[in-house]
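Since the structure comes first, as structure tokens, the remarks are kept for the end.
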Amino acid sequence: MKRKNSPKTSLALRLSCLHALVLGACSLFSFLAVYTAMVSNVHHRVDERLRHEHSEVASLFSLNAISGIQETLTRLAHAEGTDQVFYRLLDERGVLLAESDAGAWTGLEVEQPALSAAVAGQPFYDGAVVGNSREQARVLYARLSERMILQVALRTAREMQPIRDLRQLFFTFGVLGLVFALIVGWFIVKRALFPLKNMTSTALMIAEGNLEARVEPASRDRELDHLAQAFNLMLDRIQLFVRELREMNDSLAHDLRTVLARINLGAGRLLASRPISEEQESLTVAMVQDSAELLGMLNTVMDLSEINTRIVQPQFAPVDISELSAELFEFFEATAREKQITMQLHGADQAVVLGDRSRLRRALANLLDNAIKYTPEGGRVTVEVRHDKERVTFSVTDSGIGIPAEAQPFIFDRFYRADKSRSSDGHGLGLSLAAAIIQLHGGAIHVQSKEGSGSVFSVSLPQSTPASS
Ligand code: ADP
């Protein structure tokens with residue numbers, strides 16, 4: 001199953017958001033518990049008062065006849081404030097018999113289930129929203145006599161005020177607290193993740209070729225300290241392994257070079273000695289050529305691995321690509337003339353880059369060499385140097401055999417040759433070395449080619465500014 005590539009977010013941001021979220025959820029949960037307990041406490045106290053009001057009316061009711069109850073209810077409500085308490089006397093079907101001043105109690109209905117419960121002898125407590133300003137109230141339905149139900153209502157605004165204030169405070173400070181938790185969490189997580197940043201930059205330094213780089217132990221956290229130690233131990237082993245491999249390669253290459261040079265020299269001497277038969281001469285010439293070719297190949301492979309592993313840090317100096325191109329143009333003109341290839345140079349002045357001149361010369365020379373090598377007699381090769389504010393571009397265009405589209409992605413690989421018949425000289429190393437050199441200089445190399453029509457190889461390098469040189 002394919003996993004969708006989700007956009008990457010910062011771990012520090014995610015952890016600090018999570019931390020703030022957990023903190024917020026815990027605070028909200030605690031607040032809800034306290035809030036519910038406080039509200040239930042207020043209801044408990046108000047219900048107590050409702051019972052008291054009921055028993056007061058009940059005691060007065062036993063003294064007065066039904067004819068005087070309206071007056072009694074009005075008087076009682078006035079004594080406490082008609083907006084604070086309300087009495088309503090109903091018969092068992094809910095028909096109104098008497099009530100106190102109802103001006104401040106609009107919206108207070110008679111709820112049928114509550115009435116039925118009261119009729120059945122069960123006092124019923126309910127909540128209601130009353131008045132124009134829609135305030136909270138508690139209501140009690142309870143039997144007053146055999147056939148009469150008393151509905152008593154009390155406003156709870158005063159009792160609920162501290163709870164409302166608390167709620168207000170919680171939300172105001174809760175939002176501020178969450179922002180604070182987010183910021184503090186961000187700093188804490190950033191600090192905790194700092195050793196990882198350290199490890200990433202060390203790994204990047206190693207990827208750049210600095211095998212000496214090591215992670216500073218994070219003294220505060222034991223786990224990260226262990227990770228840093230393990231990381232450094234791994235680097236020690238890798239460095240040792242690379243060093244051994246390099247030493248083995250170096251000594252092998254050195255020995256091979258010595259043997260090849262000796263063969264080359266011996267064959268040269270043999271060639272100079274007289275008398276020599278025709279067969280001996282041709283064999284010796286082949287020996288000289290083969291040993292020279294093998295020596296060249298060995299040097300290229302060594303150079304390539306040195307560049308790719310970045311074991312030796314390159315020393316860069318300003319190099320004028322226009323001047324280098326003119327020099328190479330002059331160098332290759334004679335070879336081109338032999339094949340009746342027309343060569344042209346379009347140069348630009350002051351196309352300066354920071355680099356290693358001899359390596360850059362080798363890379364660009366390879367492109368020119370290939371252009372002439374893969375262009376049939378009578379063809380054309382054009383060298384062009386351009387530059388803008390940021391980059392210098394060097395391109396070689398030829399009217400040669402071109403490269404098949406399917407071979408183009410591989411021509412920069414080591415030992416790859418598009419010409420499978422191996423009809424021309426070469427080992428498929430030139431372009432891989434050129435690409436490695438250009439990459440070493442922070443540049444890029446591209447090819448555009450059509451089989452049978454020719455190719456364009458372009459190299460783009462960062463232009464050297466006075467500050468960078
Ligand atoms: P080689 O030593 O074989 O020239 P390179 O690495 O220089 O090795 O080139 C790799 C392959 O790319 C060559 O074998 C050739 O097939 C193809 N190639 C390179 N340059 C050109 C060019 N200008 N025109 C046609 N083919 C080319």
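Order of appearance sets the numbers: ligands from 1, and atoms from 1 within every ligand.
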From the candidates Tyr416, Phe415, Tyr374, the one that places a heavy atom nearest atom 1 (P) of ligand 1: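 Nearest heavy atom to atom 1 (P) of ligand 1 lies in Tyr374.
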Best match, Asp398, Val447, Asp413, Asn370: closest heavy atom to atom 7 (O) of ligand 1: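 It is Asn370 that holds the nearest heavy atom.
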Tyr35: ring-ring contact (aromatic ring centres under 6.0 Å, His included) partners, not counting sequence neighbours: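 Once residues adjacent in sequence are excluded, the partners of Tyr35 under the ring-ring contact (aromatic ring centres under 6.0 Å, His included) criterion are Phe31.
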Residues which pass ring-ring contact (aromatic ring centres under 6.0 Å, His included) with Trp186, listed by chain and number, not counting sequence neighbours: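 Residues passing ring-ring contact (aromatic ring centres under 6.0 Å, His included) with Trp186: none at all.
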Close side-chain approach of Cys17 to Leu21, heavy-atom, < 4.5 Å: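 When only atoms from C-beta onward are counted, Leu21 and Cys17 do not touch, as no gap falls below 4.5 Å.
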Enumerate the atoms of ligand 1 whose separation from the nearest heavy atom of [X] is less than 4.0 angstrom.
{"X": "Ile411", "answer": "10 (C), 12 (O)"}
{"X": "Gly430", "answer": "5 (P), 6 (O), 7 (O)"}
{"X": "Lys373", "answer": "1 (P), 2 (O), 4 (O)"}
{"X": "Gly426", "answer": "2 (O)"}

Heteroatom proximity flag, Ile401 to ligand 1, N/O under 3.5 Å: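 Between Ile401 and ligand 1 (N or O atoms, distance only) the closest approach is not under 3.5 Å.
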Heteroatom proximity flag, Arg417 to ligand 1, N/O under 3.5 Å: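 Yes; at least one N/O pair falls below 3.5 Å.
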contact_flag Gly400 ligand 1 heavy-atom lt 4.0 Å: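 Per 4.0 Å heavy-atom rule, Gly400 does not contact ligand 1.
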Side-chain donor-acceptor contact under 3.5 Å, Arg158 with Gln161: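 Their side chains do not contain a donor-acceptor pair, so the 3.5 Å distance test is not met.
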Check: Gln350/His387 side-chain N/O donor and acceptor closer than 3.5 Å: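 On atom types as modelled, these side chains do not qualify, holding no pair under 3.5 Å.
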Which is it for [X] and ligand 1 at heavy atoms under 4.0 Å: side chain, backbone, both or neither?
{"X": "Ala418", "answer": "both"}
{"X": "His427", "answer": "backbone"}
{"X": "Ile403", "answer": "side chain"}
{"X": "Phe457", "answer": "side chain"}
{"X": "Leu429", "answer": "backbone"}
{"X": "Asn366", "answer": "side chain"}

Ion pair check, Glu159 and Arg49, cut-off under 4.0 Å: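 Salt bridge between Glu159 and Arg49, a charged N being under 4.0 Å from a carboxylate O: yes.
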For Arg138, the option from His43, Arg45, Arg155 that meets side-chain contact (heavy atoms from CB on, under 4.5 Å):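 Only match with Arg138 under side-chain contact (heavy atoms from CB on, under 4.5 Å): His43.
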